[in-house]
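Reading through the structure tokens given below for one structure.
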Amino acid sequence: MAIEAKLTIAIDGPAGSGKSTVARRVAALLGYLYLDSGAMYRAVALKALERQIPLENETALEALTRGTNIELKAPTAEQETAGLKNRVFLDGQEVTLEIRTAEVAQAASRLATIAGVREVLVAEQQRAGQGGGVVMEGRDIGTVVFPRAELKIFLDASPETRAERRWKEHREKGEEMTLLEVLKEVKERDKRDRERKVSPLVKAHDAVLVDTTALGIEETARLIVLLAQERNRVDGSKEEQAVDKP
Ligand code: CDP
């Protein structure tokens, strides 16, 4: 008997590697919940910017994170067609579009170096993903949030390809940035994310590395679904063997 376990799928990687689009698509194909952990860092960053809290003030930012309520909701069918992957609510107010600017991204990556902030958000993410049947994307999902995830993917692509994807996204939203400016932003954030002391962006030893420089969204998503089905079969046959034992 095939056992259809509800897997936990962790997708990590740098900005513009295709994480969000791929993770959303994988979740849709498998009927899983999609969770974007980066949106939580971005939401707290937006609140800190609005309140003009200096990004060096670790104590104030940790307290701010503890007192913040973030909800991630699925978009309506219409919004999904328009390219929206999820809806983000900060203390009850929708901030879906506001958190996607380059300024918020930079602030999020600075905030994300603070251990106390991470502790609060990681606990939230673990709560949201408990029970499996979830695709969560971020920087530390396979290493810290769900180190026992059945399937871990590390998505990567060349910095130029990643910057170009991000530049197109900004342009579609009417944000004026040159490709060079976006490349600089992406590289700066990469460096900070990879070099920080707490939970740096790193491939988990048991993650599958997928380079999306020359791979489309659909191909990448299908590859991950195939890997998930394979993990499911392996886990299922292990359970069957255990059941079969006299
Ligand atoms: O979409 P993009 O890859 O550009 O960024 P994001 O996933 O929205 O994350 C924004 C920032 O939050 C990243 O640059 C990281 O510094 C931080 N982050 C993190 O530290 N850990 C996560 N699990 C997710 C995001």
Side-chain angles (χ1 to χ4, degrees), residues 11-25 34-56 61 64 70 72 75 78-90 93-114 117 121 137-140 154-196 200-201 210-218 220-221:
I11 303 185
D12 290 301
S17 55
K19 283 184 320 275
S20 306
T21 320
V22 166
R24 178 75 196 92
R25 184 74 185 124
Y34 161 64
L35 290 169
D36 170 6
S37 67
M40 300 171 84
Y41 290 90
R42 284 173 181 262
V44 180
L46 177 69
K47 187 167 170 180
L49 288 172
E50 281 173 355
R51 297 198 174 186
Q52 298 184 335
I53 300 176
L55 295 168
E56 301 78 45
L61 292 168
L64 183 83
I70 303 164
L72 303 179
E78 234 170 49
Q79 289 171 324
E80 182 132 34
T81 317
L84 216 64
K85 286 163 217 113
N86 62 13
R87 297 177 73 192
V88 184
F89 292 80
L90 172 64
Q93 281 231 313
E94 180 152 21
V95 291
T96 305
L97 301 178
E98 288 86 337
I99 61 165
R100 295 293 158 198
T101 65
E103 186 197 7
V104 173
Q106 274 293 336
S109 102
R110 290 183 61 188
L111 191 102
T113 61
I114 304 169
V117 168
L121 295 184
E137 56 128 327
R139 301 289 189 288
D140 60 341
F154 192 88
L155 283 191
D156 211 345
S158 74
E160 290 71 23
T161 306
R162 295 191 285 108
E164 198 181 332
R165 288 176 185 159
R166 202 32 66 87
W167 174 69
K168 280 187 184 150
E169 281 171 18
H170 284 307
R171 205 184 43 181
E172 275 161 25
K173 285 182 294 187
E175 238 189 289
E176 291 292 330
M177 273 180 97
T178 66
L179 182 54
L180 217 62
E181 281 170 338
V182 179
L183 181 64
K184 187 166 165 277
E185 193 276 317
V186 163
K187 281 189 172 169
E188 219 174 281
R189 203 143 54 91
D190 273 5
K191 185 167 154 57
R192 195 182 297 121
D193 288 349
R194 288 183 205 270
E195 291 180 0
R196 69 179 174 224
L201 168 66
V210 180
D211 190 316
T212 67
T213 306
L215 211 57
I217 296 295
E218 197 59 27
T220 313

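These numbers come from a predicted model, not from an experiment.
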Under a 3.5 Å threshold, yes or no: a donor from one side chain and an acceptor from the other, between Ser109 and Arg189?
no
Tell me whether Arg166 is salt-bridged to Asp190, with the criterion being a basic N under 4.0 Å from an acidic carboxylate O.
no
When every non-hydrogen atom of Leu72 is compared with those of Asp36, the smallest separation belongs to CD1-O, 3.6 Å
Please name the pair of heavy atoms, one in His170 and one in Arg100, separated by the smallest distance, quoted to 0.1 Å.
CE1-O, 3.8 Å
Quiz question: by atom type and distance under 3.5 Å, do the side chains of Thr96 and Glu94 form a donor-acceptor pair?
yes
Between Thr212 and Arg165, is any side-chain donor less than 3.5 angstrom from a side-chain acceptor?
yes
Roughly how far, to the nearest 0.5 Å, is CZ of Arg110 from CG of Asp193?
13.0 Å
Interatomic spacing from OH in Tyr34 to CG in Asn86 - rounded to 0.5 Å:
5.0 Å
So does Ser158 get a backbone contact from the side chain of Thr213, meaning a donor-acceptor N/O pair under 3.5 Å?
yes
As an exercise, state the distance from CZ of Arg194 to NZ of Lys191, rounded to the nearest 0.5 Å.
11.5 Å
Cationic N near anionic O, under 4.0 Å, Glu188 to Lys184:
yes
Within the side chain of Arg162, is there an N or O that forms a donor-acceptor pair under 3.5 Å with the backbone of Ala157?
yes
For the atom pair CG (Asp140) and CG (Leu201), what is the distance rounded to the nearest 0.5 Å?
9.0 Å
To the nearest 0.5 Å, tell me how far Lys47 NZ sits from Leu61 CG.
11.5 Å
